[in-house]
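I have placed the structure first, in the form of structure tokens, so that the comments after it can refer back to it.
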Amino acid sequence: MSEVDEQLRRNGSFTDFTCHTEGSVLPLKPTVQDYAWGIRGMDSRVARYALASGAIKEVDPDAPYAELWFGTHEKGPSLLQDGRTLKQAVGGQLPFLFKIISAGKALSIQAHPDKDNARRLNLENPQAYGDANHKPEMAIALTPFEAMCGFRRIEEIAIFVKKHKEFAACISLEAKLAIFMAETEEEKKDALQKMFRSFMTCDPEVSRVQLSLLLQRLQKEQNSIHPHPHDEPAWERKSARAILRLSQQFPDDAGAMSPFFLNYLLIAPGESFFMAANEPHAYVAGEIIECMACSDNVVRAGLTPKFKDVNNLINMLTYTQGGPSIDAGAPLEREPRILRYTPPVPEFEVLILRCGPGEKVYFDNEDEPTILVILQGTGMIDNDMVCHPGRSYFLPSDAAPILFSVPSCKRGSLKVSIARRNLHLSLPTTFSKGKKLRELPEYDYEM
């Protein structure tokens with residue numbers, strides 16, 4: 001048994017993928033999720049792809065189209081043209097869930113449980129936590145994408161506590177002292193937990209009043225001409241603007257102050273990051289590819305009307321400082337026109353294949369059940385199947401290598417996203433923690 005298979009078996013995500021389906025490229029129909037934070041109508045990539053793949057027959061211009069699911073999860077199973085579910089075709093669960101996400105406004109402050117926490121939560125509250133699997137995940141930006149990921153470094157949080165009395169008023173004296181006095185890594189972790197616990201359990205009336213006062217002051221500062229605008233670091237200005245935006249989306253929700261303690265990222269198309277289990281994050285705006293272990297477990301604590309499980313979130317986080325590393329992919333050795341995005345977990349990796357006009361690119365799924373989604377451009381598969389943006393396909397484990405080609409008369413490249421089990425576990429391209437975030441350019445991105 002391979003290293004990947006062994007880890008998947010230990011994680012409880014292993015299925016022996018023997019040949020259950022005739023080897024060929026099979027059109028796949030995904031499932032649409034219409035969460036309220038999704039982008040509406042045809043502005044949503046999810047809506048356009050859902051229409052192209054046959055998941056919906058028409059697009060409602062007023063409806064949100066948030067996520068498109070490709071996989072075997074029971075909350076959103078994909079279907080083949082002959083009516084079988086993907087799970088039936090595969091002969092079991094895929095270890096991963098592949099998604100396209102179109103976020104028009106912020107998702108909740110959340111984390112995904114590790115394996116032990118997932119089992120416990122599933123036993124204690126199966127209504128809220130419907131499966132017992134962990135959910136590490138990786139995001140690859142399709143547009144400029146904003147997200148809050150991981151706790152800021154304690155020194156940055158201390159600056160915000162000193163500078164913004166409204167934020168400080170939502171944190172206990174004990175937590176503030178811990179922030180200012182922490183020196184060792186253990187003391188910093190303890191200070192982060194005290195700060196987060198104190199903030200998340202603050203009297204709702206206190207936090208509501210302090211948020212209102214903060215917004216009034218920030219708005220006044222935004223509307224005035226600062227005599228020395230560059231005296232304030234870019235990351236502080238970004239945080240203030242983010243708070244004003246979040247408060248418009250979620251009035252009276254103290255979670256709007258989360259940029260004071262979570263790293264605020266803006267990543268460019270083609271860049272990615274990995275979020276391990278038990279790490280806080282909240283997607284803010286933009287469109288991404290997302291791949292994760294096959295689970296839908298989410299522990300939420302703010303910026304949402306959904307069920308909030310504050311105590312479990314507080315207790316399960318690792319309280320590690322710093323955000324995730326930013327990854328731009330690595331070319332496959334045998335074919336540089338295919339980039340791989342490889343996380344440090346065995347359940348999944350994502351490949352991005354590009355085929356230019358007049359070119360041909362072979363892809364071998366290496367005996368792994370594989371999902372393909374056409375991201376942009378038009379071309380051919382094996383010279384007899386036309387592929388357009390949004391169409392999706394399933395490659396059974398016994399499928400022969402396939403040929404992508406683009407006629408020379410075309411003016412753009414074909415771009416294909418590919419999800420399968422991780423075949424490069426010993427060569428990850430991305431990590432969750434341990435590297436300082438690079439400085440981001442100072443510019444605004446509005447949806």
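Just so you know, residue 1 is the first one in the sequence shown, and it goes up from there.
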Non-hydrogen atoms of [X] and [Y] that approach each other most closely:
X: I109; Y: L303; answer: CG1-CD1, 3.9 Å
X: R411; Y: P357; answer: C-CG, 4.2 Å
X: P30; Y: S392; answer: CD-OG, 3.8 Å

Please lay out, stage by stage, how T143 and E287 fare under the test side-chain hydrogen bond (donor to acceptor under 3.5 Å, both in side chains). CA-CA 5 Å; T143 66; E287 296 184 302; 4.9 Å; no

Using the ring of each side chain (for Trp, its six-membered ring), is [X] parallel, tilted or perpendicular to [Y], with breaks at 30° and 60°?
X: F307; Y: Y129; value: perpendicular
X: Y35; Y: W37; value: tilted
X: F274; Y: F348; value: tilted
X: H112; Y: H281; value: tilted
X: F167; Y: F260; value: tilted

So, N297 and D131: side-chain donor and acceptor under 3.5 Å apart, yes or no?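 Short answer, yes.
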
Scan side-chain atoms only and decide if S413 and R337 contain a donor-acceptor pair under the 3.5 Å cut-off.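 S413 vs R337: no donor-acceptor pair found between side chains.
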
State, with a plain yes or no, whether a side-chain heavy atom of [X] is found less than 4.5 Å away from one of [Y].
X: V32; Y: I56; result: yes
X: R300; Y: D309; result: no
X: S417; Y: F98; result: yes
X: R354; Y: E359; result: no
X: R48; Y: Y65; result: no
X: N117; Y: N312; result: no
X: L317; Y: L192; result: no
X: H424; Y: L332; result: yes

Is the shortest distance from a Lys or Arg side-chain nitrogen in [X] or [Y] to a carboxylate oxygen in the other one below 4.0 Å?
X: R334; Y: E366; answer: yes
X: R421; Y: E368; answer: yes
X: D116; Y: R119; answer: yes

Worked check of side-chain contact (heavy atoms from CB on, under 4.5 Å) between C387 and Y393: CA-CA 10 Å; C387 49; Y393 306 93; 3.6 Å; yes

Just do the side-chain hydrogen bond (donor to acceptor under 3.5 Å, both in side chains) check on N278 and T318 with the steps written out, would you? CA-CA 6 Å; N278 302 335; T318 66; over 6 Å; no

Applying side-chain hydrogen bond (donor to acceptor under 3.5 Å, both in side chains) to N315 and R197, what does each step give before you reach the verdict? CA-CA 9 Å; N315 293 329; R197 182 184 298 276; 3.0 Å; yes

Cation-aromatic face contact K188/F151, 6.0 Å, 45 degrees: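 The answer is no, since K188 fails at least one limit relative to F151.
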
